[in-house]
Amino acid sequence: MGSNSSDGLHVVMAASEAVPYAKTGGLADVVGALSTALAKLGHRVTLLLPGYRTLLAPKDRRVAAQFSVSVGGVAAGVSIEEEYVTVIGGLHQLRVLFVCHDPHFARPGLYQQDHHDYPDNLDRFTLFCRAVLQAVHVLVDREREKIDILHLHDWQTALCAVYLKALSLEHDSLRSIKTLLTVHNLGYQGIFPGHEFMKTGLPSSLFSLGGLEFYGAVNCLKGGIIFSDAVSTVSPTYAREILTAEYGCGLEGVLASRTSGVSGITNGIDEVMWDPRHDAYLPAQYHADDLSGKHVCKRELQRELGLPTLDVPLLAVIGRLTFQKGFDLLLDILPELMALDLQLVVLGTGDSHLEQQFLRAKESYPQTIGLTLGFNEALAHRIEAGSDMLIMPSRYEPCGLSQLYSLRYGTVPIVRRTGGLADTVTPFRPSTIKSGCATGFHFIDPSPDALLSAILLALHIYEERDVWRSLVTSGMNADLSWDQSARSYVGLYGRLREVEGENRRLPGIE
Ligand code: ADP
């Protein structure tokens with residue numbers, strides 16, 4: 001077979017979180033699973049993460065490099081610690097490099113503590129990005145490695161694209177590296193007061209309309225969108241939505257001005273960690289042909305959360321309690337829901353006013369609502385398995401993972417038709433039921449009434465056991481693997497490599 005431009009790539013991933021090292025949300029799942037899937041396809045993958053020491057079990061790691069980087073004109077010592085992970089089922093290895101600088105990363109949280117962002121987040125992720133570039137430079141120049149793609153994720157690593165363009169002026173060896181920025185959530189842009197721009201060390205000419213300036217502030221994601229060679233997001237529908245004022249969070253114009261557009265590649269799931277046939281977090285395992293284990297999971301979940309073990313529909317909510325996720329719509333219809341024969345389990349953490357409202361709801365309906373405020377990975381698995389329906393009323397949803405896990409676990413998702421929710425859940429309709437492809441329920445308006453109507457329809461169909469069973473099995477049998485998505489990324493990397501030259505050159509950095 002002839003070689004093509006995407007054979008045997010070396011992809012360097014830079015991210016602020018990745019499973020199994022550090023996680024606050026779906027970003028970590030995606031970075032971890034995509035890195036593994038690429039390695040399985042035979043590509044070389046180097047993953048760069050901040051060394052959040054408090055989140056890491058002590059391990060034997062080799063110090064691969066030590067250097068200092070400048071943040072706001074002050075030199076900071078960084079050590080790069082290296083670890084190799086064998087990719088399950090394969091002969092391949094994934095290299096993980098931790099950017100260690102304890103004053104910035106050895107903290108209790110990744111980005112915040114007690115619901116407040118760390119005030120020095122720009123310093124922290126400027127340091128991380130500059131260290132990523134320095135590490136890349138060491139690999140290319142000292143270790144003589146060839147790097148094809150620097151794949152960046154979200155605002156925390158977006159500045160890498162800007163630094164690469166600036167540094168490749170001085171270092172020829174960096175010029176052939178292409179950058180892809182994947183936006184996992186446009187709602188988080190890394191915006192900081194304008195006077196902090198000097199911390200980046202970038203020339204002041206870049207604090208401008210065509211650079212990082214955004215209504216007088218510094219916008220890291222904007223810089224990444226402008227200076228990356230390609231931009232992608234995590235579903236085709238979200239890729240279209242973010243070009244509109246409704247979903248573009250102020251960056252729709254910047255995104256639309258990219259001549260190469262914005263690609264949308266839907267996330268897969270980690271099929272080893274999320275598999276009801278082997279999931280060790282569950283009291284019983286099960287598969288699409290025999291759901292008896294799912295019934296055990298439901299009963300045990302009811303017990304675990306102090307609910308009566310009744311045979312009523314069990315509705316679930318898992319996720320960050322933020323305005324984005326639309327859980328306030330659910331709170332608005334609680335009185336109507338609580339008048340019905342059902343139970344509700346909620347696992348989440350986030351905005352304190354939403355946490356308070358869920359606490360009050362639990363107090364009012366202690367026998368019907370099971371509430372856990374906090375982050376609990378094992379419980380998330382047990383809720384996915386033990387529930388009948390998962391509710392995701394998101395105002396916007398770049399891709400969403402919880403509904404993908406629900407599909408795999410035979411828990412029927414009820415979702416707002418937006419972003420990745422629209423792309424991954426096939427709505428119940430006579431035609432989709434007939435063709436056997438329906439996997440869940442959609443509603444369109446971000447309103448309590450529309451959500452209530454969708455839930456009422458789902459509860460009605462739940463009683464028609466054969467139809468419900470076909471919804472459950474279609475979801476469980478859907479192809480949610482990373483294989484296809486990883487191949488789409490490889491295709492994108494390959495096309496990027498074929499693009500000659502750089503799209504923009506920058507003056508040096510301080
Ligand atoms: P987002 O990345 O916007 O938070 P996603 O649906 O893409 O939303 O991914 C959320 C991920 O985080 C899923 O793996 C979900 O199971 C997990 N998750 C969210 N909240 C919690 C929680 N409180 N406890 C455990 N896991 C959680």
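Every number for a ligand or one of its atoms is a count from 1 in the order of the listing. One is the number of the first residue; the rest follow in order along the sequence.
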Distance from Gln367 atom CD to Gln343 atom CD, nearest 0.5 Å?
->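 Result: 9.0 Å between the selected atoms.
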Identify all pairs of nitrogen or oxygen atoms, one from ligand 1 and one from the protein, separated by less than 3.5 Å, and list them with distances.
residue, atom, partner, partner atom, Å
ligand 1, 2 (O), Gly26, N, 2.7
ligand 1, 3 (O), Arg320, NH2, 2.7
ligand 1, 3 (O), Lys325, NZ, 2.8
ligand 1, 4 (O), Arg320, NE, 2.8
ligand 1, 6 (O), Leu401, N, 2.9
ligand 1, 6 (O), Ser402, N, 3.4
ligand 1, 7 (O), Leu401, N, 3.2
ligand 1, 8 (O), Lys325, NZ, 3.1
ligand 1, 9 (O), Gly26, N, 3.4
ligand 1, 14 (O), Lys23, NZ, 3.0
ligand 1, 14 (O), Asp29, OD2, 3.2
ligand 1, 23 (N), Gly374, O, 2.7
ligand 1, 24 (N), Asn376, N, 2.9

Taking the six-membered ring for Trp, is the centroid-to-centroid distance between Phe98 and Tyr21 below 6.0 Å?
->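 Yes, they do, as the ring centres are separated by less than 6.0 Å.
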Aromatic centroids of His43 and Tyr493 separated by under 6.0 Å |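 No, the ring of Tyr493 stays outside the 6.0 Å limit from the ring of His43, centre to centre.
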With Trp155, the ring-ring contact (aromatic ring centres under 6.0 Å, His included) member among Tyr111, Phe192, Phe128, Tyr188 =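 For Trp155, the ring-ring contact (aromatic ring centres under 6.0 Å, His included) test succeeds with only one of Tyr111, Phe192, Phe128, Tyr188, which is Phe192.
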Shortest non-hydrogen contact from Pro393 to Leu451?
->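 So the two residues come closest at CB-CD2, 4.2 Å.
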Are Arg408 and Glu384 ion-paired here, with the side-chain N under 4.0 Å from a carboxylate O?
->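 Not counted as a salt bridge, because no side-chain N and carboxylate O are separated by less than 4.0 Å.
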